[in-house]
Amino acid sequence: MKNIRFEFNCTRDVPFYAHLCNQYLQNDQYDVTIGKNDNLYYIEAKGEQAQLETLADAIANDFLISTWLVKPQITAIDIPIGTRKLLETTELDLEYCQHCQPQLGDNQAAHFGEIDFKCPCCMAHTRISADEQAISLADAKALVTKLDKLGSIELPVGNNGVAVIISFQPIENQPIESRQQLVCCNPNNLHAHFCVSDNQVLALSSIEKPFIKARPISSHTRLKQPIYEICFAKSRLLLVICEILRQQGIDYVYIANSQNPKMALVEAKWSLIDTPLSTQKFVINAIRQPLHDDAQAGHYQASWRANHIEIIADRHSVQQANTVAPINNAAKCALHAALITDTKPKNIAALYFSNTSKTQIVTLDGKQQLELFFEFPSLPDNGYDIVHHLELSPQKTLLDKFKAQYPEDYLKLLSLKLTQPTDNIESLWAIAAIFLGASTQTNQTRALSKTELCDFVVARAMCHKGANAPRVDFPLTRGEAFRSLNWCKTLGSIISFKIAEEENIDKLAFGMHDSFADYICNWIEHLDQNICIKSVVIAGNSFANEVLAQRVALRLGKNFSLNSNPQMDLDGLNIAAGALYLKQRRH
C-alpha cells in the first residue's frame, strides 16, 4: 500500500478544482482525503499500485488546464494532511468540460447539439439559461442559416443577461478604442491565421476560455488589423454553432458582448487585465489590516472582513460605466494591493502603467512613506499641437526633414486626433506610429484609432526576431515634486532612426519598447541607491502589451524581485483592494 498526493498549485482560486476535489471525495471507488491551502488544491490517496495508476489517469483526464495552474505534481507521502470534509466552493461559470464537450460539441456524437445535455462532472446543465436550454440542434442550424443569410446575428440571451453577437464581418458600433474580437471555430487551423505561442494556445484551451491578444500572420488576405482579441467558445450554444460553421469550412467569426475574461502574460504568468463585471463576489486573502473598512475604485467596491477582502462590482458605477473618472491615486492603490499579505511592507517600487488612470512610478521607503517618483506627461490630443511643440523644441530640424521626406505621413500627423486620457504610453506609441508610417502603410481611408495606431507599433515590435535594436531616448524632466518625460526628445529620437533606417520599422518598434524598459530599469536602480528597493510591483493595463511586459520583466528581473500579484487584476480589483490601505483616500 502506498500514500500519494496529487497537487495543483495555482496563482489564484480555481473553483472547478475545488468542485472536482469534492467529487473525488464522494466517489466510493477511491480512498481519498482532500484539502486546499491558499491556492494549492490536493487529493491524497491510499492504495495498491494498480489502483493508484487508475486514479492518476482519471485525475489527469478530469483536471482540465487552468490559466492559473502553475505546477501540478504527484508526490509520495508518509502521512495524509487532508480531511474527508468537502471544500467550500463558489459558483462555477464553465458551461462544458472534458466529459460533455465531446458529447454535445462533436458533430459525429450521438448527443451533438443537445445544449441541455446533463453532465455528471461539471453539472453545467444546471447553470444554463432557460432560453439556451430550449435550443435544439435544428434551432442551432437555423441560427447558422440566418447568419449565412444576414451576415450577423444575435444569440439568445445567456445567464449574464447579454446577447452575444456573431458576424462574418467586423462588428460596427463598438466603443471607439476597442479591438475587434474573434471566436475560433476550428482550433486546428489557428496557426493558419495567427502568430500564437504554445503558451497562448494552452490558455485559449483552458477552463477560463480567455480573450488573448494575437497578431494575424503577415500575409493574411482578410485580417488587416495589427492585433485582434481571440478566444474559443465559452458557452455550449456557441460551441455547437462553431462546430456547424467548422463543417462549412469557416475558421473564425467576429464576436461582440462575449464575457470571456481578457488576459495577458506578465512575468511568464497569466494575469487578468480586469475582472469582467458580474454579480459574483471575489474573496482575496489578506494578512495586513487596512486603514478603512470599505473603498470604491472605478466599478469595484472593496470591503474588509477579518483576514480577507471581499470585492464586488458596484452596480451603480456599472450602469454609469462611461462616466467613471480616472483614479488619481491608482498607482498607490496598486502598490498596496500587491502587498496585502505582507504585514509591514517597505522598500518597494511600483510601476503602474495604465491607459485609464495616471501612469506613475511610486515608492514605499523603509519608513513606509509613499513618494511619487515619475508621472507620464499629458500629451497633446491633436496633431497640430504635437507639431507646434516639436517646432518649438530642438527637434524642429528633424521634424522639417521628416516633413520633406514623408509629406503624406506629415499630413496624417496634422489630422491626428487622440482620445483622452493621453498621459500614457499608448498615446506616445500612437503618435510614434504616424512617424513609422502606420497611416500610409495600412491603406485605410478612415483615420485610425489610438488603439489601432498603438497596436501597429506593438505588432511590428513582435515581428522583430533579433536582440539588437536602436536605443531610443526617454529622458526625464525634473519638476518640483516629481519627474516626467521629455516626450519631444523621445519623438525626435524616433524620427531620427526612421529617417536613417526607414526599412527597419520592426527593429525600431522593438527598440522603442526595449529602450523604454532599459530606462525604467535605470530609474529603479537610481531609486535603489536611495531607498534600497527590495521588490518591484508591476501593475496597470498597459502591461497587457506583451512586448512591454516581457522587456520590463527581462530588464528588471536581473536585479530585482518582481511582483505582478496574479491573484488580482492588472487594473481592476487591485485598485479597489489597495484603496483600503491609503492613508488619505480621494474619489
Side-chain angles (χ1 to χ4, degrees), residues 65 67 101 105-107 144 147-148 151-153 155 164-172 174 178-206 208-235 238-258 260-265 270 273 438 441-444 448-449 451-465 505-506 509-510 544-547 550:
I65 289 289
T67 44
Q101 189 268 337
D106 182 346
N107 70 82
V144 173
L147 175 64
D148 289 336
S152 176
I153 57 167
L155 300 183
V164 169
I165 299 168
I166 54 174
S167 169
F168 289 135
Q169 298 298 325
I171 296 172
E172 296 176 358
Q174 295 293 294
S178 64
R179 288 177 195 85
Q180 287 292 331
Q181 297 179 327
L182 299 170
V183 59
C184 302
C185 306
N186 188 348
N188 292 333
N189 285 356
L190 189 63
H191 288 284
H193 303 289
F194 294 97
C195 300
V196 284
S197 65
D198 291 347
N199 241 339
Q200 289 175 310
V201 175
L202 278 176
L204 288 168
S205 311
S206 70
E208 292 79 21
K209 299 292 180 291
F211 275 116
I212 62 161
K213 295 201 289 186
R215 67 182 176 89
I217 59 171
S218 54
S219 57
H220 207 285
T221 52
R222 293 184 61 203
L223 297 172
K224 297 302 181 186
Q225 290 289 307
I227 289 176
Y228 290 84
E229 290 174 5
I230 63 173
C231 70
F232 289 171
K234 190 170 173 69
S235 74
L238 193 54
L239 181 73
V240 171
I241 286 174
C242 283
E243 175 65 357
I244 298 168
L245 289 169
R246 186 193 67 78
Q247 287 180 275
Q248 296 180 4
I250 292 164
D251 287 345
Y252 60 83
V253 287
Y254 291 86
I255 188 168
N257 300 339
S258 181
N260 304 52
K262 294 183 182 182
M263 294 190 193
L265 263 181
W270 287 102
I273 297 169
Q441 285 181 32
T442 50
N443 299 318
Q444 292 276 11
L448 299 178
S449 70
T451 296
E452 288 172 308
L453 289 167
C454 177
D455 281 354
F456 173 85
V457 174
V458 177
R460 296 305 294 261
M462 287 174 174
C463 293
H464 180 62
K465 298 302 178 215
I505 298 301
D506 297 355
F510 177 82
N545 171 350
E546 71 171 61
V547 185
Q550 181 192 53

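Among residues two or more places apart in sequence or in another chain, the salt bridge (Lys or Arg N to Asp or Glu O under 4.0 Å) test is passed with Lys262 by Glu229. Applying the side-chain contact (heavy atoms from CB on, under 4.5 Å) rule to Ile65 yields the partners Leu69, Ser206; only residues at least two apart in sequence or on another chain are considered. Applying the ring-ring contact (aromatic ring centres under 6.0 Å, His included) test to His220 and every residue at least two apart in sequence or in another chain returns His193. In terms of the side-chain contact (heavy atoms from CB on, under 4.5 Å) criterion, residue partners of Ala544 (sequence neighbours excluded) are, by chain and number, Lys213, Ala264, Ile273. Looking at residues two or more places apart in sequence or on another chain, you find no salt bridge (Lys or Arg N to Asp or Glu O under 4.0 Å) involving Lys209. Residues that satisfy the side-chain contact (heavy atoms from CB on, under 4.5 Å) test with Gln200, not counting sequence neighbours, are Val196, Ser197, Ile212, Trp270, Glu546. Applying the ring-ring contact (aromatic ring centres under 6.0 Å, His included) test to Phe232 and every residue at least two apart in sequence or in another chain returns nothing. Not counting sequence neighbours, Phe211 has no partner by the ring-ring contact (aromatic ring centres under 6.0 Å, His included) test. With sequence neighbours excluded, the residues forming a side-chain contact (heavy atoms from CB on, under 4.5 Å) with Asp148 are Val144, Phe168, Gln248, listed by chain and number. Scanning for ring-ring contact (aromatic ring centres under 6.0 Å, His included) contacts around His464 gives Phe510, with sequence neighbours left out. Under the rule for a salt bridge (Lys or Arg N to Asp or Glu O under 4.0 Å), the partners of Asp506 that lie at least two apart in sequence or sit in another chain are Arg460.
Here the CD atom belonging to Glu208 is positioned 11.0 Å from the CG atom belonging to Asn260, to the nearest 0.5 angstrom. If you take CD1 on Ile250 and CG on Leu147, they are separated by 7.0 Å, rounding to the nearest 0.5 Å. Taken to the nearest 0.5 Å, the CG atom of Asn545 stands 7.0 Å off from the CE atom of Met462. Rounded to the nearest 0.5 angstrom, Tyr228 OH and Arg179 CZ are separated by 12.0 Å. Put simply, NZ on Lys224 and CD on Glu452 are 14.0 Å apart, with the number rounded to the nearest 0.5 Å. Atom CD1 of Ile171 and atom OG of Ser178 lie 9.5 Å apart (nearest 0.5 Å).
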Subject >> Derivation and outcome, side-chain contact (heavy atoms from CB on, under 4.5 Å), residues Ser167 and Val253 >> reply: CA-CA 6 Å; Ser167 169; Val253 287; over 6 Å; no
Subject >> Leu238 vs Ile166, side-chain contact (heavy atoms from CB on, under 4.5 Å): CA-CA, chis, key distance, verdict >> reply: CA-CA 9 Å; Leu238 193 54; Ile166 54 174; 4.1 Å; yes
**OP:** Any chance you could lay out the side-chain contact (heavy atoms from CB on, under 4.5 Å) test for Phe194 and Leu182, step after step, and finish with the verdict?
**Re:** CA-CA 11 Å; Phe194 294 97; Leu182 299 170; 3.4 Å; yes
**OP:** Take Asn107 and Ile244 through the side-chain contact (heavy atoms from CB on, under 4.5 Å) test and state the conclusion after the steps.
**Re:** CA-CA 8 Å; Asn107 70 82; Ile244 298 168; over 6 Å; no
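Looking at every heavy atom in both residues, Ala459 comes nearest to Pro226 through CB-O, 3.6 Å. Across every non-hydrogen atom of Ser258 and Ile255, the tightest pair is CB-CD1, 3.7 Å. Taking each heavy atom of Leu155 and Ile153 in turn, the nearest pair found is CD2-CD1, 3.9 Å. Contact record, Cys242 with Ala233: SG-CB, 4.3 Å, taken as the closest heavy-atom pair. Heavy-atom minimum distance, Ala203 versus Pro210: O-CD, 3.0 Å. The minimum heavy-atom distance linking Leu190 with Cys184 is given by the pair CD1-SG, 3.5 Å.
Legend: salt bridge (Lys or Arg N to Asp or Glu O under 4.0 Å) pairs involving residues 239-257, not counting sequence neighbours, sorted by first then second residue: Glu243-Arg246.
For the pair Cys463/Arg215, a side-chain contact is recorded, criterion being any heavy-atom separation below 4.5 Å from C-beta on. Between Leu223 and Tyr252, some side-chain heavy-atom pair lies under the 4.5 Å cut-off.
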